[in-house]
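We count residues from 1, following the sequence as given. Hydrogens, waters and symmetry mates play no part in the numbers below; they use all other heavy atoms, side chains included. Everything quoted here is computed from the prediction, not taken from an experiment.
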Amino acid sequence: MKALSYDDVLLKPQYSDITSRAEIDISTNLGEGLILKTPILASPMDTVSEGGMALGVAREGAAAIIHRYNTIEQQMRHIRSAHDIGGDINIGVAIGVTGDYIERATGAFDAGATFLCIDVAHGHHILVKSALHKLRAILGDDIHIMAGNIATLEGLN
């Protein structure tokens, strides 16, 4: 395995015609109308993303994904406390692909979530495909859905 340190990397600046930082747009469109002014998503971990974090990062133009290690009602409360204080903000919610994921997704949608995250370790899986089809049949195109982690070693060598 090869490792690099700061001394091994040279950042070579290029010519810029930007006269002010105000001209810079770092926003990103995640699709289906989900635009983040600041391209950061807070992780759906129980020690990271709850209502307070969702509100904090949303104020900076980013978004949080409320974790799923709680009851559906608790998850919905995190979405509502963030919206009650922050107004119209982007806020995501993590769901799985088995058990209560349909109820969790519809509850989150009703509470004001703007996107769903199918939170699984292996997104390239038949259960993810099945969950996506079921969620689209129930929720239609009214909510953005992102699905799991999909990564391979191909192309890294």
Sequence neighbours excluded, every pair satisfying side chain to side chain donor-acceptor pair (under 3.5 Å) that has a member inside residues 94-103: Asp100-Arg104
Backbone N/O of Met45 and side chain of Ser49: donor-acceptor pair under 3.5 Å: no
Minimum heavy-atom distance between Ala82 and Leu55, given as atom pair plus value: O-CD1, 3.8 Å
Met76 reachable from Leu135 in the ILVMFWY side-chain graph, under 4.5 Å edges: no
Check: Ile40 main-chain N/O paired with Thr38 side-chain donor or acceptor under 3.5 Å: no
Minimum-distance pair of heavy atoms, taken over all atoms of Asp8 and Ala3: OD2-O, 4.3 Å
Trace of the side chain to side chain contact (heavy atoms under 4.5 Å, CB included) decision for Leu36 with Leu30: CA-CA 8 Å; Leu36 300 179; Leu30 296 176; 3.9 Å; yes
Shortest non-hydrogen contact between Ile89 and Ala58, atoms and distance: CB-CB, 3.7 Å
Ser130 (side chain) donor-acceptor with Ile126 (main chain) under 3.5 angstrom: no
Pair Arg77 + Glu50, salt bridge at N-O below 4.0 Å: no
Mutual orientation of the aromatic rings belonging to His67 and Tyr69 [parallel < 30°, tilted 30-60°, perpendicular > 60°]: parallel
Parallel, tilted or perpendicular: ring planes of Phe115 versus His144, cut at 30 and 60 degrees: perpendicular
Donor on one side chain, acceptor on other, Ser27 and Asp25, under 3.5 Å: yes
Verify same cluster id: Ile95, Leu139 (apolar side-chain graph, 4.5 Å): yes
Asn29 atom CG, over 12 foreign heavy atoms within 6.0 Å: yes
Val57 side chain reached by Leu41 side chain, heavy atoms, under 4.5 Å: no
Shortest non-hydrogen contact between Ala63 and Asn90, atoms and distance: CB-O, 3.8 Å
Non-hydrogen atoms of Ile79 and Ile91 that approach each other most closely: CA-CD1, 3.8 Å
Side-chain donor or acceptor of Gln75 paired with backbone N/O of Ala94 under 3.5 Å: yes
Ile85/Arg59 under side chain to side chain contact (heavy atoms under 4.5 Å, CB included): CA gap, chis, key distance, verdict: CA-CA 11 Å; Ile85 297 170; Arg59 286 182 172 157; 3.4 Å; yes
Nearest heavy atoms of Ile143 and Thr114, plus distance in Å: CG1-O, 3.6 Å
Phe109 with Ile102, same ILVMFWY side-chain cluster at under 4.5 Å: yes
Same cluster (ILVMFWY, side-chain, under 4.5 Å), Ile138 and Val128: yes
Side chain to side chain contact (heavy atoms under 4.5 Å, CB included) between Val97 and Ile118, worked out: CA-CA 7 Å; Val97 293; Ile118 298 179; 3.4 Å; yes
Validation row: Asp46, Asn70 side chains within 4.5 angstrom (heavy atoms): no
Check: Leu127 and Val120 side chains under 4.5 Å, non-hydrogen atoms: no
Heavy-atom check, side chain of Asp119 versus side chain of Ile65, under 4.5 Å: no
Approximate separation, where rounding is to 0.5 Å, of Asp88 CG and His83 NE2: 7.0 Å
Any Leu116 side-chain heavy atom under 4.5 Å of Met146 side chain: no
Validation row: Thr19, Glu23 side chains within 4.5 angstrom (heavy atoms): yes
